[in-house]
Each structure stands twice: as C-alpha cells, then as structure tokens.
Amino acid sequence: MLSNNNVISSTVATNGTTTANGHLIIPPNLKSTYKIASIPGDGIGPEVISATIDVLKALTKKLGTFELEFTDFDWGTERYLKTGRYTPQDYLQVLKEYDAILFGSVGSPSVPDHISLWGLRLAICQPLQQYANVRPTRILPGTKSPLANCQPGDLDWVIVRENSEGEYAGQGGRSHVGCEHEVATELSIFTRTGVRRIAQFAFSVAQNRPRKMLTYVTKSNAQRNGMVMWDEVVKEVAEDYPDVTVDHMLVDAMTVRMVLNPRSLDTILATNLHADILSDLAAALAGSIGIAPTANLDPTRKNPSMFEPIHGSAFDITGLGLANPVATFWTASEMLHWLGESEAAMSLMVAVENVCAAGIVTRDLGGQAGTKEVTDAVIQEILKIN
C-alpha cells in the first residue's frame, strides 16, 4: 500500500481501474467538495479528531484544490448512557450519504468493552462491508524503534487484516449462565468468498509495493478447519500473482520474526484476530501505538470507508493534552489517498515527518510536546507548502 517514502502516485491501468496507494481499486470519484462524517467517540478520540480537522482545514485552504465538509456525530458512550444506543436507528443510511468516515475511538470504563465495540465500531465496519482493514507501519523520521539495530528502512510493513468475519463474526452464545456447568461458545466463521477477496486485495497491495513480497499468517497446525481453508485459498489466489513472492508463517512464529528479522517482511496478510494483535506489536516496534493509522476499506466503493487511529480511547490521558495526534494525521492522509487526493495526502505526510524529524513529538515518542504543540507545528509546516 505504501512505498518506502509513504507515497505511490495514482496511475490508470489498462483495465480502467486505478492503482492508488499501492492497490488496484475502482477509480475514485474526484470532487470539489467531499463530505466527511466525523465520529470523535470516546476518551482522546475528540482531542485527536479535533486536531486532525484543524490540520485538514489548513491543508485544503493552502492547496485550494478541493474542500472537506465535516459533519460531527455524537455517537459515543455518553450517548449510549443516555439513550441505550451508540447510534440512531437509521445510522447506516445516514453514513451512506458521506464520502468517508473519520473515526476517533470507542470505549469507556463505564461500559463493558464488548458492548461498546459491537455497539459502534463493528456496527459500522461489518454492515458497510469494510472488509479490508489496512494498517501501514514504518519508523517515521526522528523516531526510534525499541529494536536496537532496526533502522527506518528495515521496518516498512503493510498489515492487511480481514475485517468482516473470522474470530469477530459474533457467532456463538452462552447457556446455563452463572451455573458451574455454564457453557460459552465463540465460533470463528471463515468463508471462501471472504478469504478470497481479502487475499486478492492483499496480493494487489504486495504487487504494487517495490519488494513484491507477501507473508500470510494462520494457525493451521492447531485450527485444522478454517485455517487450513485459509491456506488453501491463499495458495489458489497466489497463482494469479506470479510476480509476488509468497511465504507462510504460523502466528506464534510470526511474532518472533517481526522482532528478530523485521527486514524480511513487507506485506502481511492475516485473519481478523491475528492481524489485530500483530498490528499492535508492529506499532510498538515502530516506536509507538500513537503513530499507527488504520483504513477500513470497502474496495467496491459501494459504501463509505472509515479511517481511524489504532490507539483507542486512552482514558488514562484523556483531557490532559498529551495525546499523540500523529496516528490520526497519518490516518487522514490515508483517507485523502482513498478519496483520490494523493497530492494532499503526500503533503500532509511530509509535514508530519518534518515535525517528527525536528523532535516535536509527544511523550510516547520520547518528547515533551503536547497535542496542541504537535498540531500547531504540523500546520506551520503545511503553510510552507509552495
């Protein structure tokens, strides 16, 4: 999805599709104004979303080539505690009127996590068929990996996470609740269609990156049904991408490889649960979960895609002005790429990288700056654009 400098410009392929941000997609519908649904959510979500909107407004004003029209939605835990729902009944129809969704976080100590996750984030991703969760990871200028000998070019990955089924399918139940013989089941649902479409997406990502490498991750030695089917389908899809070098890892061994030999990896494909865990490890290895972006994509473009930072609601620092906005800035860059505004996306990331390189970073990256200081510095970099 991303080259070593976070940029792959858009080109039109012979079949009419567009290679943008490193994967084949249906061409974006370029507009003079894009409607963005803003869902700040909980914890530090409102802080980083507000900072990102300020940055995006400065960027669009400076470039003068398009506009972003934001609509804020109060879909979060506070609304849930008042109404019993995170969203209104017609929320899907509401979201379909927008070109993209900018999401902050969901989760609060006052509500069990499984209720908040299924009440908002998964309630958007799954019905809107945002089946490709894409998480680029690399070491930004001026930041450092905790791995002693890992240089910026040694860790440059894109993790492609299946985002619609698998371990997060929501199938299962509980019986004899509270009794000693209580039974709880959680079913992982894998479909050939679901695995094939995410595998095709991931191979397209790998094919459009310089190294043309893909590592797919399962646990098929122990999970002999769904994971074995995953292996079989990925191998079938691989035949259509002869220029991509493919290898396979069991998820436990993959954690070791990510730490000991990061240079050996490039594009990584995994199930909903495995990729969720591995991407948090990847963010930590790149320096901080505070810089990690996410794109929840519907590659068919029938529905709006949703863009969010990985870090979650982080109630321990909420309201202190300490939240790292870089993950959301990078997420916004991914959103701009997806909309087809790659020049703006690249300009935003250059500004972010310049600020990081200058040492204006938050405490999670070893700095002393707060959210506002980083945001103001990025805006000042944007104002320097020629």
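Positions are given from 1, in the same order as the sequence printed here.
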>> Between K212 and A206 (side chain of the first, backbone of the second, donor and acceptor by atom type, cut-off under 3.5 Å), is there such a pair?
In response: no
> According to the interplanar angle, ranging from 0 to 90°, do the rings of Y80 and Y86 count as parallel (below 30°), tilted (30 to 60°) or perpendicular (above 60°)?
Replying inline: parallel
> Which pairs count as salt bridge (charged side-chain N to carboxylate O under 4.0 Å, His left out) when at least one residue sits in residues 377-386, sequence neighbours excluded?
Replying inline: E381-K384
> Should L273 and Y168 count as side-chain neighbours, where that means a heavy-atom distance under 4.5 Å?
Replying inline: yes
>> Can you tell me which residue among F73, F70, Y34 is in a ring pair (Phe, Tyr, Trp, His ring centres under 6.0 Å) with Y98?
In response: F73
> Does a side-chain heavy-atom distance below 4.5 Å link E341 with S347?
Replying inline: no
> Do the side chain of E97 and the main chain of V94 share a donor and acceptor less than 3.5 angstrom apart?
Replying inline: no
>> Check whether D99 reaches the backbone of K35 with its side chain - one donor and one acceptor, N or O, closer than 3.5 Å.
In response: yes
> Relative to each other, are the rings of Y131 and F201 parallel, tilted or perpendicular (30° and 60° limits)?
Replying inline: perpendicular
> Heavy atoms, side chains only, cut-off 4.5 Å: are V205 and V134 in contact?
Replying inline: no
>> I want to check something: taking the side chain as every heavy atom from C-beta on, are D231 and H248 in contact at a cut-off of under 4.5 Å?
In response: yes
>> Under the criterion side-chain contact (heavy atoms from CB on, under 4.5 Å), I'd like the reasoning laid out for L285 against W157: C-alpha separation, chi angles, the key distance, then a yes or no.
In response: CA-CA 11 Å; L285 295 177; W157 305 332; 4.1 Å; yes
> So, N272 side chain and E165 main chain: donor-acceptor pair closer than 3.5 Å or not?
Replying inline: yes
>> Using the rule side-chain contact (heavy atoms from CB on, under 4.5 Å), only one of T52, L140, L348 pairs with W330; which is it?
In response: L140
> Are any side-chain N or O atoms of N324 and backbone N or O atoms of T362, one a donor and one an acceptor, separated by less than 3.5 Å?
Replying inline: no
> Quick one: is the NZ or CZ of R301 closer than 6.0 Å to the six-membered ring centre of W338, and within 45° of its axis?
Replying inline: yes
> Do S305 and D298 meet the criterion of a side-chain donor-acceptor pair at a distance under 3.5 Å?
Replying inline: no
>> Taking G107's backbone N and O only, do any of them form a donor-acceptor pair with D42's side chain (distance below 3.5 Å, no angle check)?
In response: yes
